Amino acid sequence: MQSFEIDKSDVLKVKNAILAGDEVLMEVLAEYHASEIAILFERLDKSEQQHIINLLPAETASEIISEMDEESHPEDLLFQLHPDKRTEIVEELDYDDATDIISQLEDHEQKEILEDLEDDHASEIRNLLTYDEKTAGGLMNTELICVNINLTKKDAIDEIIRQSEEMEEFYTIYVVDDEAIFKGIVSLKDIIKAKHNAQITELVKVDAVYVHPDTDQEEVANLISQYNLTSIPVIDDHQKLLGRVTFDDVIDVMEAESTEDILKISGVSEDEELSGNWVEAVKSRLPWLIINLGTAFLASSVVRYFDPTIKLIPSLAAYMTIIAGMGGNAATQALAVTVRRISLYDLTDKQAYRTVLKEFTVGLINGASNGLIVFIFAFFFDGNPMLGLVIFLAMTGNLIIAGITGAGIPLILKRVGIDPAIASSIIITTFTDVFGFLLILGLASKLLL
């Protein structure tokens with residue numbers, strides 16, 4: 001089965017079905033999975049989305065809304081529905097999904113929705129809304145299968161059956177004591193395979209990995225990935241079980257974090273939506289471009305300083321762009337690898353040193369290799385071996401600087417508490433441009449004049 005992608009014919013089919021009537025529309029919608037309808041919603045008007053959601057059963061409608069992309073603003077669609085339909089949908093949603101959607105609304109809109117819910121649903125969602133959305137508490141679902149450590153195999157199975165009636169799926173069974181203190185986990189497979197008179201206390205794995213509600217979402221994702229977990233328990237400071245974070249939530253986190261890092265490295269604010277309009281794009285990018293303009297003036301001042309050298313050797317102007325451009329590309333490569341390493345691992349001083357040393361070595365080898373190519377070109381095209389030597393040395397030096405700064409700057413920023421993905425690219429571009437021009441023009445002034 002292939003992943004679903006938006007096709008004009010699918011969008012047209014749904015739009016025509018809306019015009020043809022509800023009976024035809026239901027037949028057409030039956031051809032698509034809820035997640036596919038959520039993707040189709042990206043090309044439908046709000047009125048068309050509302051018509052479909054109102055027509056479908058609450059269970060299917062809740063699946064569609066939970067699968068909608070954040071930039072499609074499912075919270076607005078939900079709030080605009082009739083209160084009765086809205087309540088049905090929210091009560092069909094998992095608590096974590098409902099919280100994620102409702103948290104995007106204004107306070108008075110949240111209050112209006114929560115007041116219409118049953119007390120237990122409203123209480124669970126209000127509790128989850130207190131956590132930061134980028135923490136384990138903001139990701140967790142309070143619906144889980146939990147058994148007492150003192151139960152027998154038979155009693156535990158009965159309890160699992162009872163609790164699972166209200167859940168669509170579960171991966172792990174959590175074990176607590178009489179005070180709801182977390183004691184570990186046990187798999188359904190181990191319970192089924194155990195002897196008839198077995199006790200849960202004999203089957204529980206007490207060394208289970210867990211997180212606290214204030215644990216950053218990236219750390220949660222790293223733990224689930226590192227230990228190959230399907231879910232991870234969330235416990236408070238008193239070791240009481242609060243909920244669980246499942247792997248499907250972590251997939252969304254990893255995608256969001258990767259997107260955020262890519263945008264930051266590119267000098268784009270994380271607040272800019274990928275599907276946003278040009279006004280949002282300008283507001284997001286213009287401040288960074290203005291900062292970059294300031295650093296560009298610094299690089300241009302180096303060129304101005306060596307203006308007499310350029311007038312005497314005009315061919316330097318062509319090679320300057322090559323040196324600076326290659327340095328920028330090499331620095332971006334080192335930066336991307338280092339930022340990713342920082343996001344995945346908590347680097348020790350020794351590991352940080354090795355990272356910089358590695359990029360220094362890579363810069364030296366790549367610089368010398370590319371410098372040799374340009375040396376040969378300058379030797380045959382310009383007939384000047386000394387010019388080729390200057391370019392060779394400048395290329396090698398600038399790619400070494402690119403490697404050191406590409407790895408070193410984000411590590412330094414991380415150490416002083418600044419997000420390395422935000423500021424690194426501008427600082428590094430300044431280094432490679434300034435030193436690139438300084439090396440080629442400075443060496444040319446000393447060796448060619």
Side-chain angles (χ1 to χ4, degrees), residues 91-99 117-132 135-217 219-250:
E91 292 185 347
E92 284 289 340
L93 289 167
D94 288 338
Y95 289 135
D96 57 336
D97 290 333
T99 304
L117 300 178
E118 293 181 4
D119 290 342
D120 57 340
H121 278 78
S123 177
E124 291 285 356
I125 294 173
R126 283 194 182 97
N127 179 51
L128 291 175
L129 284 170
T130 62
Y131 298 109
D132 188 305
T135 63
L139 291 173
M140 75 175 177
N141 189 347
T142 54
E143 293 178 299
L144 45 76
I145 302 293
C146 178
V147 298
N148 191 288
I149 194 170
N150 299 313
L151 294 181
T152 63
K153 169 183 175 176
K154 179 182 181 305
D155 292 338
I157 290 177
D158 290 341
E159 185 64 20
I160 291 168
I161 292 172
R162 184 187 67 80
Q163 293 183 36
S164 64
E165 290 179 359
E166 299 297 323
M167 294 181 62
E168 288 187 10
E169 56 188 0
F170 61 93
Y171 314 104
T172 307
I173 298 162
Y174 302 101
V175 181
V176 297
D177 64 11
D178 295 333
E179 303 298 323
I181 301 298
F182 178 68
K183 292 298 180 182
I185 62 173
V186 62
S187 70
L188 184 59
K189 177 182 177 181
D190 288 343
I191 294 177
I192 293 172
K193 289 177 63 179
K195 294 180 181 179
H196 182 71
N197 60 349
Q199 303 280 328
I200 294 299
T201 186
E202 302 169 12
L203 307 174
V204 63
K205 296 177 181 176
V206 296
D207 59 345
V209 181
Y210 59 82
V211 294
H212 293 290
D214 58 351
T215 302
D216 186 84
Q217 61 179 10
E219 177 64 18
V220 177
N222 290 339
L223 287 170
I224 287 182
S225 175
Q226 180 179 348
Y227 292 98
N228 297 316
L229 305 174
T230 52
S231 65
I232 191 168
V234 183
I235 65 172
D236 65 15
D237 294 336
H238 304 291
Q239 296 297 109
K240 289 194 173 183
L241 183 62
L242 300 177
R244 60 174 178 150
V245 178
T246 55
F247 71 90
D248 56 323
D249 293 316
V250 165

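In this text the structure is predicted, and so the values were computed from the model without any measurement. All heavy atoms count here, side chains included; hydrogens, waters and symmetry mates do not.
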Inset, instruction - First locate atom CG of D248, then atom CG of D97, and finally report the distance between them rounded to the nearest 0.5 Å. - result: 8.0 Å
Legend entry - Over all atoms of both residues, closest heavy-atom pair of G184 and A208: CA-CB, 4.4 Å
Legend entry - pair I181-V176: side-chain heavy atoms closer than 4.5 Å: no
Name each donor-acceptor pair under 3.5 Å that joins a side chain in residues 139-164 to protein atoms two or more places apart or in another chain, with its distance.
from : atom 1 : to   : atom 2 : distance (Å)
N141 : OD1    : E143 : N      : 3.0
N141 : ND2    : D96  : OD1    : 3.4
T142 : OG1    : E124 : OE1    : 2.9
N148 : OD1    : N150 : N      : 2.8
N148 : OD1    : N150 : ND2    : 3.2
N148 : ND2    : D178 : OD1    : 2.8
T152 : OG1    : D155 : N      : 3.3
T152 : OG1    : D155 : OD2    : 3.3
K153 : NZ     : I192 : O      : 3.0
K153 : NZ     : A194 : O      : 2.6
K154 : NZ     : D158 : OD2    : 3.2
E159 : OE1    : R162 : NE     : 3.4
E159 : OE2    : R162 : NE     : 3.4
E159 : OE2    : R162 : NH2    : 2.4
E159 : OE2    : Q163 : NE2    : 2.8
Q163 : OE1    : C146 : N      : 2.9
Q163 : NE2    : C146 : O      : 2.6
S164 : OG     : I160 : O      : 3.0
S164 : OG     : I161 : O      : 3.0

Legend entry - Gap separating the OG1 atom of T215 from the CD atom of Q217, nearest 0.5 angstrom: 11.5 Å
Inset, instruction - Could you walk me through whether F247 and L229 pass side chain to side chain contact (heavy atoms under 4.5 Å, CB included), step by step? - result: CA-CA 7 Å; F247 71 90; L229 305 174; over 6 Å; no
Legend entry - Pairwise side-chain hydrogen bond (donor to acceptor under 3.5 Å, both in side chains) hits with a residue in residues 189-205, at least two apart: S187-D190
Legend entry - More than 12 heavy atoms of other groups within 6.0 Å of D120 CG: yes
Inset, instruction - Report yes if the side chains of L223 and E219 come closer than 4.5 Å at any heavy-atom pair, otherwise no. - result: yes
Inset, instruction - Could you walk me through whether Y131 and L242 pass side chain to side chain contact (heavy atoms under 4.5 Å, CB included), step by step? - result: CA-CA 12 Å; Y131 298 109; L242 300 177; 3.9 Å; yes
Legend entry - Pairwise distance CG(D132) to CG(D214) - rounded to 0.5 angstrom: 10.0 Å
Inset, instruction - Identify the heavy atoms of A136 and V245 that sit nearest to each other, and give their distance. - result: O-CG2, 3.7 Å
Legend entry - Residue pair T99 / Y95: nearest heavy atoms and the distance that separates them: OG1-O, 2.7 Å
Legend entry - Y210: partners by ring pair (Phe, Tyr, Trp, His ring centres under 6.0 Å), with sequence neighbours left out: H212
Inset, instruction - Please assess I232 against V209 for the test side chain to side chain contact (heavy atoms under 4.5 Å, CB included), listing each intermediate value before the final yes or no. - result: CA-CA 7 Å; I232 191 168; V209 181; 3.8 Å; yes
Inset, instruction - For E91 and H121, work out which heavy atoms get closest and say how close. - result: O-NE2, 3.5 Å
